[in-house]
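Data block below; observations after.
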Number of protein chains: 2
Amino acid sequence: MIINHERMNATEHSVKLRLENFKQVSREYKLPLTPQKVAIFRTLAESSSHPRVQEIYEHVKMEFPSISLATVYKNIKQFLALGLAFEIPMPDGPARYDAKLEIHSHAVDTADGSVYDLELAPTIHLPEIIMGKKVKQAHVLYYL
Amino acid sequence: MIINHERMNATEHSVKLRLENFKQVSREYKLPLTPQKVAIFRTLAESSSHPRVQEIYEHVKMEFPSISLATVYKNIKQFLALGLAFEIPMPDGPARYDAKLEIHSHAVDTADGSVYDLELAPTIHLPEIIMGKKVKQAHVLYYL
DNA sequence: CTCTATGCAAAATATTTGCAAGGGA
DNA sequence: TCCCTTGCAAATATTTTGCATAGAG
């Protein structure tokens with residue numbers, strides 16, 4: 001297992017890739033790309049701290065002071081449905097979000113609420129089918 | 001990987017083991033064993049459907065009509081802190097609970113909200129230490 | 001007798017919804 | 001133009017808290 005400390009933010013390159021994917025998927029589903037929506041996705045893609053909805057809202061508010069919390073909620077839900085983001089449910093308090101595309105796992109430090117990205121070693125392969133259904137999302141959550 | 005369909009409830013034997021453990025831990029921490037608390041734990045231990053707080057409340061209410069939802073919340077939180085129960089955070093809606101003692105994983109069917117217990121094959125061993133901290137709880141969550 | 005638990009009500013959080021107006025493709 | 005989106009406010013959950021009383025050990 002490789003642990004990605006990610007003290008720094010996502011690289012510009014990977015942010016660009018995520019944004020391109022986001023735009024492509026939006027076109028595919030004929031969903032309009034509003035500036036607010038792009039700002040919400042970019043905030044998520046640029047962050048490495050697995051922000052809460054509230055934090056995304058506060059960040060986007062700097063650029064769009066009139067944005068509503070409901071808009072952020074609606075967009076995040078849409079990202080999840082489109083497979084553009086992961087949700088990391090937390091044992092206490094609101095969920096955290098992650099725009100990383102590859103399936104990976106998270107370690108949640110319950111002491112301070114920080115979330116670490118983990119890459120599973122390639123020898124650990126998660127099942128793709130369970131109970132005859134395709135695995136849409138897999139999270140390995142460790143509570144420390 | 002072995003999938004435990006668990007259409008039936010937990011066996012009487014395993015329920016007895018869980019209840020004994022619960023009572024021993026309570027004595028250890030000098031926490032009074034009230035009838036309500038025992039009923040809440042028993043409800044959890046006997047169920048195999050990973051009930052929500054609300055469902056536990058409704059079940060215990062049959063035996064203790066005056067029980068309060070707050071009491072169920074308080075007790076469930078205490079069980080988590082004592083390691084007597086697992087919490088399974090859900091992508092939508094309230095978390096589910098499980099009194100199973102061994103670390104195992106869960107598959108969440110997002111279509112109907114049902115939760116399956118999974119036993120990880122022994123060849124897949126989860127790390128016990130991450131970032132220098134002991135893993136208190138590990139969940140492998142699959143969203144189907 | 002002491003300490004935690006219970007039950008009730010109110011408060012605090014968190015998330016969703018309805019709807020009129022705005023805006024992207 | 002056609003939908004989807006936005007922003008606001010109100011409505012819904014959901015969970016926590018304070019406090020007086022009850023009860024376990």
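The figures here come from the full heavy-atom set of this structure, side chains too, leaving out hydrogens, waters and symmetry mates. Naming convention: chains lettered A, B, ... in sequence-line order (proteins, then strands); numbering from 1 in each chain.
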Grab the [atom1]-[atom2] distance between [X] and [N] for me, whole Å please.
X	N	atom1	atom2	result
Lys23(B)	dA24(D)	NZ	P	14 Å
Tyr57(A)	dG7(D)	OH	P	9 Å
Leu69(A)	dA14(C)	CG	P	10 Å
Ile67(B)	dA5(C)	CD1	P	13 Å
Asn75(B)	dT4(C)	CG	P	14 Å
Gln54(B)	dT14(D)	CD	P	8 Å
Phe64(A)	dG22(C)	CZ	C1'	14 Å
Glu55(A)	dA14(C)	CD	P	11 Å

Does the side chain of [X] get closer than 4.0 angstrom to OP1 or OP2 of [N] through an N or O atom?
X	N	value
Gln78(B)	dA5(C)	yes
Gln36(B)	dG7(C)	yes
Lys77(B)	dT16(D)	yes

Next item on the list: Would you please test Gln24(B) and Glu20(B) for side chain to side chain donor-acceptor pair (under 3.5 Å) and show each step?
Entry: CA-CA 6 Å; Gln24(B) 194 201 306; Glu20(B) 272 166 22; over 6 Å; no

Item checked: Identified side chain to side chain contact (heavy atoms under 4.5 Å, CB included) counterpart of Val53(B) within the set Val72(B), Asn75(B), Ile40(B) -> Val72(B)

Picking from [options], which would you name as closest to the side chain of [X]?
X	options	result
Ala70(A)	dA9(D), dC8(C), dT16(D)	dA9(D)
Ser66(B)	dT6(C), dG7(C), dA25(C)	dG7(C)
Leu33(B)	dG7(D), dA25(C), dG25(D)	dG25(D)
Pro94(A)	dC8(C), dT6(D), dT15(C)	dT15(C)
Leu31(A)	dC8(C), dC4(D), dT4(C)	dC4(D)
Pro35(B)	dG7(C), dT6(D), dA24(D)	dA24(D)
Thr34(A)	dT6(D), dA5(C), dC8(C)	dT6(D)
Lys74(A)	dT17(C), dG7(C), dA5(C)	dT17(C)
Tyr73(B)	dG7(D), dT15(C), dT16(D)	dT16(D)

Checklist line | Met62(A) reachable from Ile67(A) in the ILVMFWY side-chain graph, under 4.5 Å edges | finding: no

Item checked: Ion pair check, Lys61(B) and Glu58(B), cut-off under 4.0 Å -> no

Next item on the list: Determine the interplanar angle of the Phe41(B) and Phe22(B) rings, folded into 0 to 90°, and report it as parallel if under 30°, tilted if 30 to 60°, perpendicular if over 60°.
Entry: parallel

